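In what follows, a single structure is set out as structure tokens and then discussed.
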Amino acid sequence: MNSSESEARLRVSAALREQGEKVADRWVELQSEQAVLQTGITEAELNEEADSLVEALLAGLETDLPAQDVVASHPGLRQCVTDLSLRRARGGATPTATSQAVLALKEALLEAVQQETRDVSALYHAALFINRLLDTAGAMSFDIYVDGREEIIRRQSRQLLEVSTPVVRLWDHVLAVPLIGTLDTTRTQVVMENLLEAIERDEAQVAIIDITGVPTVDTAVAHHLMQTVNAVRLMGADCVISGIRPPIAQIIAQLGIDLSAILTRSTLADALAAAIPLLTDQPTQRASLADAR
């Protein structure tokens, strides 16, 4: 670090120490002009995060970390930038607006330095130092925002999957999973998890997987169904697949998919009728149903 940068660092630190509250207020004002408040973030939240970040920035500058590493390497400052970025992501702000909000701190900080000196050379070196310091913060906030949004999207996709694969109770100890739409590996895994949890919770003896709403069946879908049926049997329950419509039956036959080991019915009503006798403990009735497969 040369003498000019050292002096600039001391000057910026002094400005933060003596005018920290003013810098935070000016930064909030600049963000408000950028319509940050329209993202659902209140002015009180902006004030709180501005105070925390300005305080952490001063603490970071009082370390021996190089200017370009202060934001990324100082734990408290990094956490402030992370919290700010994730709050913007949850509020629906764009990544560009989030980065611009962080970079707006440059203007507030430079104005504070101008209150300390009017020397052109000193201001020039202070501006260079502030750019080096906060450009890293802007880039880091962009990356954190993107990661945060991806996590939100993954969580919402998972919630949609769970909603789209409900497990309903049709009868005492009889559950049904009506499937609608394309069945892929991810969705099958959710179906299996939800169904097995429901079997344990409700002490179900029969689970009906209704594929009436599944547009087509291929070898992959059949494989997924077989895996689910096997998992249900491992739980000690029987499984019935319903909704085998004529087109689906033709596709299964043409593909040579063997579902002979599984009890199948064309409609959900037929599947329920086949499931109820399975609830009895009479071996003869179970044997007769096994013969019907």
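Model, not experiment: these values are computed from the prediction.
- Of the possible polar contacts, none joining the Arg132 side chain to the Ala67 backbone as a donor-acceptor pair under 3.5 Å is found.
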field: Intermediate values then yes/no, side-chain hydrogen bond (donor to acceptor under 3.5 Å, both in side chains), Gln100 and Gln31
entry: CA-CA 9 Å; Gln100 287 176 336; Gln31 291 184 77; over 6 Å; no
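- Ser99 places no side-chain N or O within 3.5 Å of a backbone atom of Thr96 that could act as its donor or acceptor partner.
- Between the CD atom of Gln189 and the CG atom of Asn194 there is a distance of 10.0 Å, given to the nearest 0.5 Å.
- The two residues Val81 and Ser141 come nearest to each other via the heavy atoms CG1-CB, 4.0 Å.
- In this structure the side chain of Leu225 never reaches within 4.5 angstrom of the side chain of Ile262, judged on heavy atoms.
- Residues Ala112 and Gln19 share a closest heavy-atom pair of O-NE2, 3.0 Å.
- One finds the CG atom of Leu105 at 6.5 Å from the CG atom of Leu53 (value rounded to the nearest 0.5 Å).
- When side chains are defined from C-beta on, Ser85 does not count as touching Thr82, because their heavy atoms never get closer than 4.5 Å.
- Residues Tyr145 and Leu77 are members of separate hydrophobic clusters, defined by side-chain heavy-atom contacts under 4.5 angstrom among Ile, Leu, Val, Met, Phe, Trp and Tyr.
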Test side-chain hydrogen bond (donor to acceptor under 3.5 Å, both in side chains) applied to Gln254 and Gln250, step by step: CA-CA 6 Å; Gln254 290 169 358; Gln250 290 180 30; 4.6 Å; no
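- The side-chain heavy atoms of His74 and Leu65, taken from C-beta on, include a pair separated by under 4.5 Å.
- Shown here is Glu200, whose CD atom has no more than 12 heavy atoms of other residues, nucleotides or ligands within 6.0 Å.
- The CD atom of Glu62 lies 10.0 Å from the CG atom of Leu10; values are rounded to the nearest 0.5 Å.
- Between the CD atom of Gln205 and the CE atom of Met235 there is a distance of 12.5 Å, given to the nearest 0.5 Å.
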query: Given the rule in the side chain to side chain contact (heavy atoms under 4.5 Å, CB included) test, do Leu61 and Val12 qualify, once you have shown the distances and angles that lead to the verdict?
result: CA-CA 9 Å; Leu61 289 176; Val12 171; 3.8 Å; yes
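- In plain terms, the two heavy atoms of Ala207 and Leu195 that are nearest each other are CB-CD1, 3.9 Å.
- Leu103 is not connected to Val71 by any chain of hydrophobic side-chain contacts under 4.5 Å among Ile, Leu, Val, Met, Phe, Trp and Tyr, and they are in different clusters.
- Annotation: Glu116, atom CD; neighbour count of heavy atoms from other residues, nucleotides and ligands within 6.0 Å is above 12.
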field: CA sep, side-chain torsions, deciding dist, call: Lys22, Gln115, side chain to side chain contact (heavy atoms under 4.5 Å, CB included)
entry: CA-CA 11 Å; Lys22 186 176 179 180; Gln115 300 296 319; 4.2 Å; yes
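- With a 4.5 Å cut-off on side-chain heavy atoms, Asp202 and Val167 do not count as touching.
- By the 4.5 Å heavy-atom criterion applied to side chains, Val174 and Leu272 are counted as neighbours.
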- prompt: side chain to side chain contact (heavy atoms under 4.5 Å, CB included) between Ile199 and Val232: does it pass, once the steps are laid out?
  reply: CA-CA 8 Å; Ile199 288 173; Val232 169; 3.8 Å; yes
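- No chain of hydrophobic side-chain contacts below 4.5 Å, direct or via other Ile, Leu, Val, Met, Phe, Trp or Tyr residues, connects Ile180 to Met192.
- Scored by the salt bridge (charged side-chain N to carboxylate O under 4.0 Å, His left out) test, Glu111 finds Arg26 as partners (sequence neighbours excluded).
- Note: Ile251 CD1 to Arg245 CZ = 8.5 Å, rounded to the nearest 0.5 Å.
- One hydrophobic cluster, built from ILVMFWY side chains closer than 4.5 Å, cannot hold both Leu133 and Phe142; they sit in different ones.
- Ile241 has its side chain within reach of Ile211: a pair of non-hydrogen atoms, C-beta onward, lies under 4.5 Å apart.
- Residues Ile276 and Val240 share a hydrophobic cluster, clusters being chains of Ile/Leu/Val/Met/Phe/Trp/Tyr side chains in contact below 4.5 Å.
- A donor-acceptor contact shorter than 3.5 Å links the side chain of Ser32 to the backbone of Val28.
- Trp27 and Glu49 get closest at one heavy-atom pair: CZ3-O, 4.4 Å.
- For the atom pair Leu123 CG and Leu128 CG, the distance stands at 11.0 Å (nearest 0.5 Å).
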- request: Quick one: do Val54 and Leu16 satisfy side chain to side chain contact (heavy atoms under 4.5 Å, CB included)? Show the steps, please.
  value: CA-CA 7 Å; Val54 167; Leu16 277 174; 3.7 Å; yes
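- Between Glu150 and Asp147 the shortest side-chain heavy-atom distance falls below 4.5 Å.
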query: What do the steps show when you test Asp119 against Thr117 for side-chain hydrogen bond (donor to acceptor under 3.5 Å, both in side chains), and what is the final call?
result: CA-CA 6 Å; Asp119 183 82; Thr117 180; 5.3 Å; no
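- Minimum heavy-atom separation, Val23 to Ala108: O-CB, 3.7 Å.
- A donor-acceptor pair shorter than 3.5 Å cannot be found between the side chains of Ser73 and Asp69.
- Taking 4.5 Å as the limit, some side-chain heavy atom of Ser13 sits within range of a side-chain heavy atom of Leu58.
- Counting non-hydrogen atoms of neighbouring residues, nucleotides and ligands closer than 6.0 angstrom, the CD atom of Gln68 exceeds 12 such neighbours.
- Heavy-atom minimum distance, Met140 versus Ala72: SD-CA, 4.0 Å.
- Side chain of His125 to main chain of Glu7: no donor-acceptor pair is present (N/O by atom type, distance under 3.5 Å, no hydrogens or angles).
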- prompt: Which is it for Asn47 and Glu43 under the side-chain hydrogen bond (donor to acceptor under 3.5 Å, both in side chains) test, yes or no, and what are the steps along the way?
  reply: CA-CA 6 Å; Asn47 284 322; Glu43 188 170 355; 4.5 Å; no
